[in-house]
Amino acid sequence: MSKIAILIGSPRKGGNTDMLVQAFIDGIDKQKNSFETISVADVRVNGCIGCNACYANSKCIQKDDMQDIYNKLTDAETIVIATPIYFYGISSQLKSIVDRLHNPIRGRFSVKRLVLLMVCADTIPTVFDSVVAMYQSILSYFSLQDGGIIRACGVKDKGDIAGNPVLNEAFELAKTI
């Protein structure tokens, strides 16, 4: 059985990002895959302080929830990054987690594939471009498989994504994993 870890980058519970993630979860073949969600709304993770202690000790010196996240990501073959786009980037809370993954601890990970799910209030599709560029760089740098990208624009208020065709796209994307 393959494990899917879903990093939910929205601090707003029950919002459009959560609804997009739920559509993805609903499409997961539970006979072939297990999944675990990690929501920034439920954890406390500080940003990287650039001390490089992780390179000397193979462990981050910060005392927060990141160690639990490392443990949850260790045996995940697929990592799903789900984020609202506030200002041309992933949420700041999710960025703290992503930044802390760039250390020797990631050498223990089994990840082979990434998936990117994004929502944004703006209706201009280019708002996603900088995050897609970052995602593609991560795929290339770590030689990971692209599991797919879902973009939902024009979803500002809680529930705006309801009935949006991207929910079905996320459901169908999950079936391919």
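For the numbers below, each heavy atom of this structure counts, side chains included, while hydrogens, waters and symmetry mates do not.
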*Say whether, by atom type as modelled, one donor and one acceptor occur between the side chain of Ser137 and the main chain of Ala133 under 3.5 angstrom.*
yes

*Could you walk me through whether Arg12 and Asp18 pass salt bridge (Lys or Arg N to Asp or Glu O under 4.0 Å), step by step?*
CA-CA 8 Å; Arg12 180 171 71 172; Asp18 282 354; over 6 Å; no

*Give the intermediate values and the outcome of side chain to side chain contact (heavy atoms under 4.5 Å, CB included) for residues Ile79 and Val115.*
CA-CA 6 Å; Ile79 296 177; Val115 173; over 6 Å; no

*side chain to side chain contact (heavy atoms under 4.5 Å, CB included) evaluation trace for Met134 with Ile90*: CA-CA 10 Å; Met134 179 188 76; Ile90 62 176; 3.9 Å; yes

*Shared hydrophobic cluster, Ile138 / Leu116 (ILVMFWY, side-chain heavy atoms < 4.5 Å)*: yes

*Would you say the side-chain atoms of Tyr70 and Asp65 include a donor-acceptor pair closer than 3.5 Å?*
no

*Are Leu139 and Leu73 connected in a single hydrophobic cluster, I mean Ile/Leu/Val/Met/Phe/Trp/Tyr linked by side-chain heavy atoms less than 4.5 Å apart?*
yes

*Any donor and acceptor pair, going by atom type alone, linking the side chain of Thr17 with main-chain N or O of Ser10 inside 3.5 Å?*
no

*Check whether any side-chain heavy atom of Phe109 lies under 4.5 Å from a side-chain heavy atom of Leu101, and answer yes or no.*
yes

*So, the side chain of Tyr135 versus the backbone of Asp146: is there a donor-acceptor pair under 3.5 Å, distance only?*
no

*Side chain Lys158, main chain Lys13, donor-acceptor under 3.5 Å*: yes

*Within the distance-only criterion (no hydrogens, no angle test), does the side chain of Ser91 pair as donor or acceptor with the backbone N or O of Gly9 below 3.5 angstrom?*
yes

_Looking at Tyr88, I want to see if its OH is surrounded by more than 12 non-hydrogen atoms of other residues, nucleotides or ligands under 6.0 Å._
no

_Within the 4.5 Å heavy-atom criterion, are Gln145 and Lys112 side-chain neighbours or not?_
no

_Can a donor-acceptor pair be found, under 3.5 Å and without considering hydrogens, that links the side chain of Thr176 to the backbone of Leu173?_
yes

*Any Ile149 side-chain heavy atom under 4.5 Å of Val132 side chain*: yes

*asked:* Would the distance check show the side chain of Thr126 and the main-chain N or O of Asp129 forming a donor-acceptor pair, the cut-off being under 3.5 Å?
replied: no

*Exercise: identify the closest heavy-atom pair between Val166 and Arg151*: CG1-O, 3.3 Å

*Using modelled atom types only, decide if a donor and an acceptor are shared between the side chain of Lys156 and the backbone of Gly154 within a distance under 3.5 Å.*
no

*Check Leu167 against Met19 and note the closest heavy-atom contact, atom names and distance.*
CD2-O, 3.7 Å

*Are Phe171 and Gln22 side-chain neighbours, meaning at least one heavy-atom pair lies under 4.5 Å?*
no

_Beyond-backbone contact of Ile8 with Ile38, side-chain heavy atoms, under 4.5 angstrom_ = no

*Would you say Val111 and Thr78 make side-chain contact, with heavy atoms under 4.5 Å?*
no

*asked:* Show the nearest heavy-atom pair for residues Ala41 and Pro11, with the distance to one decimal.
replied: CB-O, 3.8 Å

*So do Ile4 and Ile6 actually touch side chain to side chain, heavy atoms under 4.5 Å?*
yes

*Please assess Tyr141 against Gln136 for the test side chain to side chain contact (heavy atoms under 4.5 Å, CB included), listing each intermediate value before the final yes or no.*
CA-CA 9 Å; Tyr141 185 83; Gln136 290 171 336; over 6 Å; no

*asked:* Side chains of Leu144 and Arg113, heavy atoms from C-beta outward: is any pair under 4.5 Å?
replied: no

*Tell me, with the steps shown, if Val119 and Ile85 meet side chain to side chain contact (heavy atoms under 4.5 Å, CB included).*
CA-CA 6 Å; Val119 302; Ile85 306 298; over 6 Å; no

Output a table of donor-acceptor pairs, distance under 3.5 Å, between side-chain atoms of residues 51-62 and any protein atom two or more places apart or on a different chain; print 'none' if there are none.
unit_1, atom_1, unit_2, atom_2, d
Asn57, ND2, Ala53, O, 3.4
Gln62, OE1, Asn46, ND2, 3.2
Gln62, NE2, Gly47, O, 3.0

*Taking all non-hydrogen atoms of both residues into account, name the closest pair between Cys120 and Val127 and its distance.*
SG-CG1, 3.6 Å

*Tell me, please, which residues at least two apart from Lys3 pass side-chain hydrogen bond (donor to acceptor under 3.5 Å, both in side chains).*
Glu36, Asp75

*Which residue pairs satisfy the salt bridge (charged side-chain N to carboxylate O under 4.0 Å, His left out) criterion with at least one member in residues 85-105, sequence neighbours excluded?*
Asp64-Arg100, Lys95-Asp99

*Which atom pair, heavy atoms only, marks the closest approach of Ile150 to Ala170?*
CD1-N, 4.0 Å

_I need the minimum non-hydrogen distance between Met66 and Ile97, along with the two atoms involved._
CE-O, 3.6 Å

